[in-house]
There are 2 protein chains.
Amino acid sequence: LAQRAAQLDAADPLAPVRARFDLPPGTVYLDGNSLGALPSAAASRLDDVVRRQWGRGLIRSWWDHGWWEAPQRVGDRIARLVGAAAGQIVVCDSTSVNLFKVLVAARRLNPDRDEILIDATGFPTDGYMAESAARLTGASTRSVHPRRLAENPAEIIGARTAVVLVNHVDYRTGALWDMPGITEAAHAAGALVIWDVSHSVGAFPVRLDECSVDFAVGCTYKFLNGGPGSPAFLYVPRHLQADFDQPLTGWHSHHRPFDMAPHYEPAHGMARGRSGSPEMLSLLALDGALDAWNGVAIEDVRTKGVALTGFFIDCVDALLPSDQVTVVTPRDRRRGNQVSLTTPGAAAIMDAMIARAVIGDFRPPDVLRFGFAPLYIRFADAFHAAALLGDLVS
Amino acid sequence: LAQRAAQLDAADPLAPVRARFDLPPGTVYLDGNSLGALPSAAASRLDDVVRRQWGRGLIRSWWDHGWWEAPQRVGDRIARLVGAAAGQIVVCDSTSVNLFKVLVAARRLNPDRDEILIDATGFPTDGYMAESAARLTGASTRSVHPRRLAENPAEIIGARTAVVLVNHVDYRTGALWDMPGITEAAHAAGALVIWDVSHSVGAFPVRLDECSVDFAVGCTYKFLNGGPGSPAFLYVPRHLQADFDQPLTGWHSHHRPFDMAPHYEPAHGMARGRSGSPEMLSLLALDGALDAWNGVAIEDVRTKGVALTGFFIDCVDALLPSDQVTVVTPRDRRRGNQVSLTTPGAAAIMDAMIARAVIGDFRPPDVLRFGFAPLYIRFADAFHAAALLGDLVS
């Protein structure tokens, strides 16, 4: 297996991209699905933004260095990774806050229906925000497993369902859910659909336009490597923008923000998705981080991601006792760039791995989670992690 | 006047603090009330955060470098500047988003009253957010000049008023409104009060605890010099925290966020004011920026601020034709750290000043606005700006 890893790395067309990252020597970092590694361009960009644009340009940089338009400009850089035409993505606020915007807006677009349907395996914040939006708009939430949703959409999505909120990839198991199928079923039932693509953006091609997705949100600090808490993004297709009636009506979403008008009038286009002042240093660090994607085809990332996760599963099968460790990630291609294992004592095992410089993470109650970021993870890293895990388990 | 400026600078106890800032040579920067100048410590802190904490520590830095608790920790650093005991301020999101949280929470605390009263001269985003919160909670907004509110509170605040939202300092004129008086009147009438202290934090002592303020929000990129769009803060006094029922219920505000529980349970204490992942680079740049305040007494800042703005008004009186230029900022001490003038052709005059390296700003229709940040502005700067303005106007 070590030899196969070396062969796979030698043949990997993305191998040179690893040099664009500033990685700690001797560490195998398999938690890029939580916080991506540091792209060198993020650090150098931030130097320039802080010392020259802020320090020298001061207030003028809002215009001279394009700060004001940056949320839309950076959004357009993300667009190609999620299959969106330009002018449909804005980068601002957190995923949670953007979820609130689209949940309330979706409910307002479907006022005669009072149910928000959420996937039971989604990231918890999605459910919390759905509960809050439901409470404020006089709706209720219902939770259902995305497998049931994919298998029996007509039975599940009802006449009361205003909007369906689904996570594209299960954050625990890495399972990938059917975007075209669920979206089509929601539309057939008269419901809108919101996809949370936090775990799929930058992992493989997402096809928001092609799937006729109504709204999407996603985070940028995982596979996009934008840095801790880097701002999230929000997608609204062009045909819904004029009716996108979101509740966080801060002045950055105003049609004429510098008129300082007493009443709110929403901006045309994606600026409407903004709220208050964007946290510019975090946003422009992300802008720099996206340079690591220059010339990288997302299809190649998918190819390598499937190969990496598949190879890791092969290593687990070969090196770990199957009565103690279970692969809970789908073994076919229906998975994101992560492999999750369940095992007794998972928390202690992860602590021991981290102490030996192999960093993954633990999710309660018994899940070991390993992310494989194709831009900087090698097949040799996957082998090394599985071998260490084998030593620790036995 | 030039001589008096030199004498005042020589006697200024805050003069050495200017060296903590990285200012562009030859520029007089009088827009620190829009975007504060760069504290050197913000840049060096960010270097460490990016290269060592993110680059080397990776995901572990959420704990090893205290990222998770940073919103509350940085909040506690701001507390002394606004007269708040520890544990009552959290730094996260934008002022607009935090306004939404407190507006909805205030309405929920006063459910039998359905009016949100706002000050007519406040920053527009405050009114937009009040309109949105009113719409979602079945309330209405009413707008009134803060002068009327201060003079006749019992007549204005009615039996339907759930909450009063007031800007502490008028962003256009620099007028300072009566926090103790308006707060007391609101309470006497059975209403809650929210103060937006964006233009007063770091300008002079704010006494949130002493005034029994219910909620406050403020921004950190003006006199706190946190950098472009640096995160805002939110104040909830301890006695209201258990009943603080805010709508942006992201996982960072959960009682046990890492349980990944399916339903929302609010955190105890100020973590309840958080929402999604904080934009950590912007937050920690602010943390570094606050080092510029080490050992600085806010009372001294107030003393210098009144002297600086008073001296600038003296210069305007002496050097500018009174039939063309009007000082709209109060001439007594009831003002923040800014002086606003109205004059015909204000926009063109400001462009000409900026071209000559004196930076203030213009607010429609005819306001020239000059901010005086006592940490880095000298009396000589005030003289220079007034002299240039005199040349341009005549």
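Only heavy atoms go into these numbers, but all of them, side chains included; no hydrogens, no water, no symmetry mates. Below, chain A is the first sequence line, B the second, and so on; all start at residue 1. All values reported here derive from a predicted model rather than from experimental measurement.
- A distance-only check finds no donor-acceptor pair linking the side chain of A:S96 to the backbone of B:S275 [under 3.5 Å].
- When all heavy atoms are compared, the tightest approach of B:M260 to A:Y128 is C-OH, 4.3 Å.
- Annotation: the span from B:D31 atom CG to A:R60 atom CZ amounts to 10.0 Å, rounded to 0.5 Å.
- Contacts between B:P247 and chain A at a heavy-atom distance below 4.5 Å involve backbone atoms as well as side-chain atoms.
- Contacts of B:T95 with chain A are absent, with no heavy-atom separation under 4.5 Å from either backbone or side chain.
- With rounding to the nearest 0.5 angstrom, the CD1 atom of A:I59 is 9.0 Å from the CD1 atom of B:I359.
- At a 4.5 Å heavy-atom cutoff, B:N33 makes no contact with chain A through either its backbone or its side chain.
- Contact record, A:M129 with B:L248: CE-C, 3.5 Å, taken as the closest heavy-atom pair.
- The nearest pair of heavy atoms linking A:F258 to B:P364 is O-CG, 3.4 Å.
- The minimum heavy-atom distance between B:L281 and A:P228, with the atom names listed, is CD2-CG, 4.0 Å.
- Considering all non-hydrogen atoms of both residues, B:R51 and A:L38 come closest at CA-CD2, 4.2 Å.
- In this structure, chain A has a heavy atom under 4.5 Å from the backbone of B:P278, while its side chain stays farther away.
- With a 4.5 Å cut-off on non-hydrogen atoms, A:A285 touches chain B through its side chain but not through its backbone.
- Counting all heavy atoms, side chain and backbone alike, A:S277 lies closest to B:Y221 at OG-OH, 3.0 Å.
- Residues of residues 97-105 of chain A lying under 4.5 angstrom from chain B, judged on non-hydrogen atoms, are A:V97, A:F100, A:V104 by number.
- Contacts of B:L23 with chain A are made by backbone atoms alone, with heavy-atom separations under 4.5 Å and no side-chain atom involved.
- Only the side chain of B:R108 comes within contact range of chain A, with heavy atoms under 4.5 Å apart.
- Between the OG atom in A:S132 and the OH atom in B:Y264 there is a gap of 8.5 Å [rounded to 0.5 Å].
- Between the A:W251 side chain and the B:D126 main chain, no donor and acceptor come within less than 3.5 Å of each other.
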